[in-house]
Amino acid sequence: MNSGRRSLMSATASLSLLLCIFTTFVVVSNGELQRFIEPAKSDGSVSFIVIGDWGRRGSFNQSLVAYQMGKIGEKIDLDFVVSTGDNFYDNGLFSEHDPNFEQSFSNIYTAPSLQKQWYSVLGNHDYRGDAEAQLSSVLREIDSRWICLRSFVVDAELVEMFFVDTTPFVKEYYTEADGHSYDWRAVPSRNSYVKALLRDLEVSLKSSKARWKIVVGHHAMRSIGHHGDTKELNEELLPILKENGVDLYMNGHDHCLQHMSDEDSPIQFLTSGAGSKAWRGDINPVTINPKLLKFYYDGQGFMSARFTHSDAEIVFYDVFGEILHKWVTSKQLLHSSV
């Protein structure tokens, strides 16, 4: 009898998991970027965590950051997780059967609140391995949370998130690889790839009716961290964001937590690239308007975001789960405060 009951419970659990996966993986084609549906909560709110530059088999405080993510995820009633790239170090995955996937992902982010979909973009380190492996459905068979595409849209009703493959934008990866080999199999022509991506993104942004529009990429547009601004993104991508009412740009790449505003638009630039190894004191000596820099932290941590129809709340946390910086904005009042 106990054996039969266990079998029934197992079958029920499996069916529930399949239904959950099916619901999340409802893909609606808009003719351009692939789209995933994330239903908002009954109160209309959307909450998620943003983490970047993390996959180091638990080292460099990755496990400690993951633990705090689990606690905050429960507190904010997490809907999903966003990864800003450089998902696996040092050189991505070598195949879809690379044990680094489970060692750096499945075995690390084990908290109950983190058992939601993870939407991920590729970073430059991911391109140094088998980039196609991270996009493979085989990984979703190993861990159903994993969703990684080059560029795509997550539609969470009042929030739409546009994930952009930023590594092919950066010209120095083609001309000054610095001894590294990049997996350009899907990018036979940098110019053609970027042009097509920008066209598809612009169409998707223009058709969006979401209250909040967020673009996610690996590389920073605005940063005082190690890498600094990404010239190609500022020249080619940023104008499209400004023209189409994008509220936030979220990225990793610089191993820090950072919040900067823009000189001539409402866009906020949010860096969450402190999922494991951080660069203490490694600040790019650039001249910026001090009024644009709202927050900078050179240690490990992550970011949470919560949206309602009228308000957005961004919170940065350190490796101990302490709040470092909070930013709230209201579309009704059309002003923001720190």
Side-chain angles (χ1 to χ4, degrees), residues 16-28 33-55 65-85 87 101 105-106 108-123 134-135 137 139-140 142-164 204 208 210-218 247-252 270 272-273 275 302-309 312-317:
S16 298
L17 177 60
L18 287 172
L19 288 173
C20 176
I21 293 173
F22 176 78
T23 300
T24 305
F25 275 84
V26 171
V27 179
V28 180
L33 297 180
Q34 188 169 346
R35 181 177 296 261
F36 295 88
I37 306 300
E38 273 288 343
K41 300 184 185 72
S42 58
D43 64 0
S45 68
V46 177
S47 301
F48 57 90
I49 279 175
V50 183
I51 185 74
D53 304 79
W54 42 269
V65 172
Y67 174 73
Q68 296 299 339
M69 287 171 60
K71 293 177 64 176
I72 297 302
E74 182 177 358
K75 181 178 179 181
I76 67 174
D77 193 11
L78 179 74
D79 292 301
F80 54 89
V81 178
V82 170
S83 172
T84 58
N87 306 312
F101 177 71
F105 176 59
S106 300
I108 303 298
Y109 302 101
T110 56
S113 68
L114 302 181
Q115 305 310 301
K116 304 291 179 69
Q117 297 305 149
W118 283 57
Y119 296 104
S120 307
V121 291
L122 297 173
Q134 292 194 44
L135 313 179
S137 61
L139 296 188
R140 291 196 287 273
I142 297 172
D143 194 318
S144 62
R145 294 177 294 172
W146 185 255
I147 300 177
C148 183
L149 286 80
R150 294 185 186 277
S151 299
F152 59 101
V153 179
V154 173
D155 182 348
E157 298 185 21
L158 64 89
V159 178
E160 273 194 300
M161 306 188 70
F162 304 83
F163 291 71
V164 178
S204 297
S208 173
R211 180 71 168 168
W212 303 93
K213 297 181 184 180
I214 303 169
V215 173
V216 178
H218 178 62
D247 300 287
L248 306 171
Y249 177 75
M250 300 178 175
N251 63 272
L270 307 171
S272 182
F302 59 98
M303 180 179 82
S304 72
R306 183 178 185 274
F307 294 85
T308 66
H309 184 76
E313 180 183 84
I314 305 296
V315 183
F316 290 88
Y317 306 87

L122 side chain reached by L135 side chain, heavy atoms, under 4.5 Å
yes
Is any side-chain heavy atom of V153 less than 4.5 Å from a side-chain heavy atom of F36?
no
Should K213 and D247 count as an ion pair when the cut-off is N to O under 4.0 Å?
no
For the residue pair M250 and S272, establish whether any side-chain heavy-atom pair is separated by less than 4.5 Å.
no
Answer yes or no: is there a donor N or O on one side and an acceptor on the other, between the side chain of E157 and the main chain of R211, under 3.5 Å?
no
Under a 3.5 Å cutoff, is there a donor and acceptor pairing between the side chains of Y119 and E38?
yes
V81 vs Q117, test: side-chain contact (heavy atoms from CB on, under 4.5 Å). Steps then yes/no.
CA-CA 6 Å; V81 178; Q117 297 305 149; over 6 Å; no
Going by heavy atoms in the side chains, are R145 and F105 under 4.5 Å from each other?
yes
Can you see which heavy atom on T308 is nearest to which on W212, and at what distance?
O-NE1, 2.8 Å
Check the pair Q134 / F101 against side-chain contact (heavy atoms from CB on, under 4.5 Å), numbers first and verdict last.
CA-CA 9 Å; Q134 292 194 44; F101 177 71; over 6 Å; no
Kindly give the heavy-atom pair with the smallest separation between C148 and N87, and that separation in Å.
SG-ND2, 4.5 Å
If you measure from the Lys or Arg side-chain nitrogens to the Asp or Glu carboxylate oxygens, is any gap between D43 and K41 under 4.0 Å?
no
Spacing of CG belonging to L248 relative to CG belonging to L270, to within rounding of 0.5 Å:
5.5 Å
Between W54 and S83: side-chain donor-acceptor atoms closer than 3.5 Å
yes
Using a 3.5 Å distance criterion without hydrogens, assess whether the side chain of S47 forms a donor-acceptor pair with backbone atoms of R306.
no
Do V215 and V164 come within less than 4.5 Å of each other through their side chains, counting heavy atoms only?
yes
Supply the atom-to-atom distance D79 CG to D77 CG, rounded to the nearest 0.5 angstrom.
6.5 Å
Taking only residues two or more places apart in sequence or in another chain, which ones pass ring pair (Phe, Tyr, Trp, His ring centres under 6.0 Å) with Y67?
none
dist S113:OG -> M69:CE (nearest 0.5 Å) comes out at 8.5 Å
Close side-chain approach of S304 and F48, heavy atoms under 4.5 Å
no
d(S137 OG, I142 CD1) to nearest 0.5 Å is 10.0 Å
Atom of D143, atom of S106 and distance for their closest heavy-atom approach
OD2-OG, 2.7 Å
Here the gap from F307 atom CZ to S45 atom OG, rounded to the nearest 0.5 Å, amounts to 11.5 Å
Go through F302 and I72 one step at a time and tell me if the side-chain contact (heavy atoms from CB on, under 4.5 Å) criterion holds.
CA-CA 10 Å; F302 59 98; I72 297 302; 3.7 Å; yes
Find the distance between CZ (R140) and CH2 (W146) and round it off to the nearest 0.5 Å.
10.5 Å
How close do V216 and M161 get, heavy atom to heavy atom, and via which atoms?
CG2-CE, 3.7 Å
Are I76 and V315 close enough, and set up right, to give a side-chain contact (heavy atoms from CB on, under 4.5 Å), and what steps lead you there?
CA-CA 11 Å; I76 67 174; V315 183; over 6 Å; no
Indicate yes or no for a side-chain donor-acceptor contact from Q115 to the backbone of A111 under 3.5 Å, with no hydrogens or angles considered.
yes
With a 4.5 Å cut-off on side-chain heavy atoms, are H218 and N251 touching?
no
Do F80 and W118 have ring centroids that are under 6.0 Å from one another?
no
Indicate yes or no: at least one non-hydrogen side-chain atom of L149 is less than 4.5 angstrom from one of Q34.
yes
